[in-house]
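Remarks on the structure that follows.
What you see is a predicted model; the values in this text were computed from it and never measured. In what follows, every chain begins at residue 1, and chains take the letters A, B, ... in the order their sequences are listed.
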Number of protein chains: 2
Amino acid sequence: MIKCTKCNEVSGIARAGQVRGKQRYHCKHCNYYFTFQSPPPGKKSSPAHHATILDIAHKLKISKSTVSRALRNSADINQETRDAVLKMAQELNYVPNYFASSLVRRKSYSIGIVVPELITNFFSQFIIIAQKAASLAGYEVVICHSNESFSNEVDVLKRLFAYQVDGVLLSLSSETKSLDHLQVYSDAGVPVVLFNRVKNKPGFPTVLADDYHGAFIGTEHLVKNGYRNIGHIGGPGNLQISKNRFRGYRDALTKHGLEYNPNWTIYHDLSQADACKCAKTLLDKSSRPDAVFAVNDPAAIYLIIEAKKRGLHVGPDLGIVGFSNDSRSEVIEPSLTTLQQPIEQMAETCIHLLLNKIKDDRFAIPPTTVLKTTLIERCSSKKEGARGKEFKSLIV
Amino acid sequence: MIKCTKCNEVSGIARAGQVRGKQRYHCKHCNYYFTFQSPPPGKKSSPAHHATILDIAHKLKISKSTVSRALRNSADINQETRDAVLKMAQELNYVPNYFASSLVRRKSYSIGIVVPELITNFFSQFIIIAQKAASLAGYEVVICHSNESFSNEVDVLKRLFAYQVDGVLLSLSSETKSLDHLQVYSDAGVPVVLFNRVKNKPGFPTVLADDYHGAFIGTEHLVKNGYRNIGHIGGPGNLQISKNRFRGYRDALTKHGLEYNPNWTIYHDLSQADACKCAKTLLDKSSRPDAVFAVNDPAAIYLIIEAKKRGLHVGPDLGIVGFSNDSRSEVIEPSLTTLQQPIEQMAETCIHLLLNKIKDDRFAIPPTTVLKTTLIERCSSKKEGARGKEFKSLIV
DNA sequence: AACGATTTCGGGACCGTTCCCGATAGAGAG
DNA sequence: CTCTCTATCGGGAACGGTCCCGAAATCGTT
């Protein structure tokens, strides 16, 4: 039997809709509405009242405007008042409510970073540095990863948008073919900077390593070391980065009068499984290249492994150059010659450009920023005299 | 000359303090206060008015309460009304304001994850899985890293607290010696779950791999493979994880009647530089062990490298077992025998326990959850017949 | 002393939701 | 037709800040 929580009457109680699953009742003795939950839910988890600026104001008998001013260290405030407020805030363990502040200021003071994966160390390192730079400027960072899937990318971007991030740093998934899903961001005036895995489109500035030049000098390095039949493991065709690296590879061949053999170029989708498959495909060919420039280190690493399985001597029999200096590249045997991207510089540039744009909409981000890549020579690209020397060359 | 923006009078304008850097003036003709910014700041970055719940309400000539109900899919709402609202929301590109919602509901629907580093793949993998699990439950994840520094750890925890996270997943830095800095969290009733790098303290439940057992079977594996003089590279003494792994190592020796030689145990601080140094120190000893159980893979990897540099054959001359299955461990030569932690299970358990506690404060998280580790046998621990066979054993 | 300039403070309207409390119109019962 | 229920809606007070506007107090100058 249900009793009115106000007048304690049992009769005359009517059901009156429901809210959040709970039934509501109406007592017509005292004309009172109430909901009823069978077990009074125990010691209700008391929300541990955080101190607010009003608490400080009351204690100090001043207005909350003044407290706010003192806390934000703004002008128009007496030094003594400010000190008193600061002291009281300390005493009460005051923590500013980020949501209230963001709500009224219409800024979240956070930026989103979306990366396609987190398992190679390029992106983890990027994130570490970007986060440090952002937090120095007072910005929070929300990290998301698309897992190389376009639909995931769309999802996380939607979530970030609802999160009201002030800007986004984005590196595209291998499946992404257009930037249409970024429309909401440009409509809302939220700046987006693409990095590393980019796609050119007006309104979306990019920051990237000089993939063309890196591929060029990587391939040229193989030529100089005496390889003549140089193949290529490329990335997904829809990514700028794949195209640029391919162009660099091909132009290096051309420059040195070597013929480009399309039969020696195969493409992989940046997944690990496919990297293994590509290595096999390439080595299965009846006429195989004597060197390979790979679009990234994982592809090169699995090529080394596969070649060793088949008894080939990587270096003398098969020269290999990778791209991006994976953590495994210096410990694998032979160690992998690769191209080092300027991760730190890239991350800092991204944050710098993005924050400038956020702070002043009139700031114009340059459409593309290209950063230098450098060749790290190791053993996988040594045709002569490499055998037995591998140990010494490890960088430790 | 300054004109009143109201009555256009030039005389009788007095300065009247300043706000946010801008000078304020007072016109005594019309008794009006105003601020004056010299260059009207160009096309003011129009904040691109997001559609709100009120916009929807007005368009549909219903109240915002109803719109809110429709959007939250709650009861007390007519199906047609709900459809109309949903349609209009779509049309207006409505995105709910996360801050307003969190402000009034006093929940952020986000959790913080603090890890000591992001360069080994244990933590990156953990994060990937945890994030997926959390977002399935409608929770956002904020990722922070302490970079193995205690003061950084304190900082990021403070930031997360101000961010009003509903819960925290924390893996301690190598410098952390107590959990006192988590006091604010327990005071505020925000649950914290420690994982992997933990410290026992009432009120702070832990989730971790069975380090003791892993170390035990790892060491026992060396014994079974014929090694008799087994040394140890340990972790920082303040970490539970180091102690447990050390105990497992030592108990395995004892079980098999082998003597524990304190001279063969050295400690490193989990930094890369120190890993190199430890390898050198250990191999420099006049009487060196014939096998080493290392507290983690990086230490083992640098030991392999250093041993190879000195012409030792890892395996036959020096058996090595690591811990945590780093991505490098299967490509290094010889490949590294190591212990696989149940990353996925650990991440999911953490999220599961934390969210349960968040959703219902009465839920009691078990003080410790221990998950199984499994041995991955590779080549670095093969005393006999290992030479020349390395290639075959690579898992690809 | 009179007046203007400046510093410092208080009041209160917002920001966009959620949710509690009532109200109302039909449906169904008697 | 009257009465009771129920489904559905509206009004409005929070949530915890920020910031605009005006006022009061203080200071300096003639």
### Query
Which atom names give the shortest non-hydrogen contact between A:Ala347 and A:Ala130, and what distance separates them?
CB-N, 3.9 Å
#### Entry: Nearest-Å distance for atom pair CZ/P, residues B:Arg105 and C:dT18
6 Å
### Query
At under 4.0 Å, does any side-chain N or O of B:Tyr94 touch on OP1 or OP2 of C:dT17?
yes
### Query
Quick check, are the ring centers of A:His50 and B:Phe161 under 6.0 angstrom apart?
yes
### Query
Contact class for B:Ile77 (heavy atom, under 4.0 Å): base, sugar-phosphate, or nothing?
sugar-phosphate
#### Entry: Phosphate contact (D:dT8 OP1 or OP2) by B:Asn78 side-chain N/O below 4.0 Å
yes
### Query
Who passes salt bridge (Lys or Arg N to Asp or Glu O under 4.0 Å) against A:Lys87, sequence neighbours left out?
none
### Task
Map B:Lys61 and B:Leu103 onto DNA chain D by nearest heavy atom, then report which one ends up closer to the 5' terminus.
B:Lys61
### Query
With no angle test and no hydrogens, is the base of D:dG17 tied to the side chain of A:Lys64 by a donor-acceptor pair under 3.5 Å?
yes
### Message
Would B:Lys107 and B:Tyr109 count as a cation-pi pair here, with the cationic atom under 6.0 angstrom from the ring centre and within 45° of the axis?
### Response
yes
### Query
Just checking, is any N or O donor in the side chain of A:Gln164 or A:Ser102 under 3.5 Å from an acceptor N or O on the other one?
no
### Message
Using whole Å, what does the distance between atom C1' of nucleotide C:dA13 and atom CZ of A:Arg106 come to?
### Response
13 Å
### Message
Checking the side chain of B:Asp55 only, and the main-chain atoms of B:Thr52 only, is there a donor and an acceptor separated by less than 3.5 Å?
### Response
yes
### Task
Identify whether any heavy atom of B:Val67 sits under 4.0 Å from a base atom; if not, whether one sits that close to sugar-phosphate; answer base, sugar-phosphate or nothing.
nothing
### Query
To the nearest Å, how far apart are B:Leu71 CG and C:dC19 C1'?
15 Å
### Query
Would you find a donor on one side and an acceptor on the other, under 3.5 Å apart, between the side chain of A:Asp166 and the backbone of A:Ile111?
no
#### Entry: Donor-acceptor pair (no angle test) under 3.5 Å: B:Ser65 side chain, D:dG12 base
yes
### Proximal nucleotide (of C:dG10, C:dT18, D:dT18) relative to the B:Ser68 side chain
C:dT18
#### Entry: Spacing of B:Lys107 atom NZ relative to C:dT17 atom P, expressed in whole Å
19 Å
### Message
Using five pairs at each end of the helix from C:dA1-D:dT30 to C:dG30-D:dC1 to define an axis, what is the angle between those two axes, to 10°?
### Response
40°
#### Entry: With sequence neighbours excluded, residues passing side-chain hydrogen bond (donor to acceptor under 3.5 Å, both in side chains) with A:Asn152
none
### Nucleotide C:dT18, atom P - distance to CZ of B:Arg72 in whole Å
5 Å
### Query
What integer distance in Å separates A:Glu80:CD from D:dA25:P?
17 Å
### Query
C:dT18 C1' sits how many Å from B:Ile53 CD1, rounded?
8 Å
### Query
If you look at every strand shown and take non-hydrogen atoms under 4.0 Å, does A:Ile62 touch a base, only sugar-phosphate, or nothing?
sugar-phosphate
### Query
For C:dG10, does OP1 or OP2 lie under 4.0 Å from any side-chain N or O of A:Thr66?
yes
### Task
Mind checking A:Thr81 for me? I need base, sugar-phosphate or nothing, with any heavy atom below 4.0 Å counting as a touch.
sugar-phosphate
### Query
Taking OP1 and OP2 of D:dG16, is either one under 4.0 Å from a side-chain nitrogen or oxygen of A:Thr52?
no
### Query
For A:Arg69 and C:dC9, what is the distance between atoms CZ and P respectively, to the nearest whole Å?
8 Å
### Query
If only side-chain N and O atoms of A:Ser101 are considered, is one of them under 4.0 Å from the OP1 or OP2 phosphate oxygen of D:dG17?
no
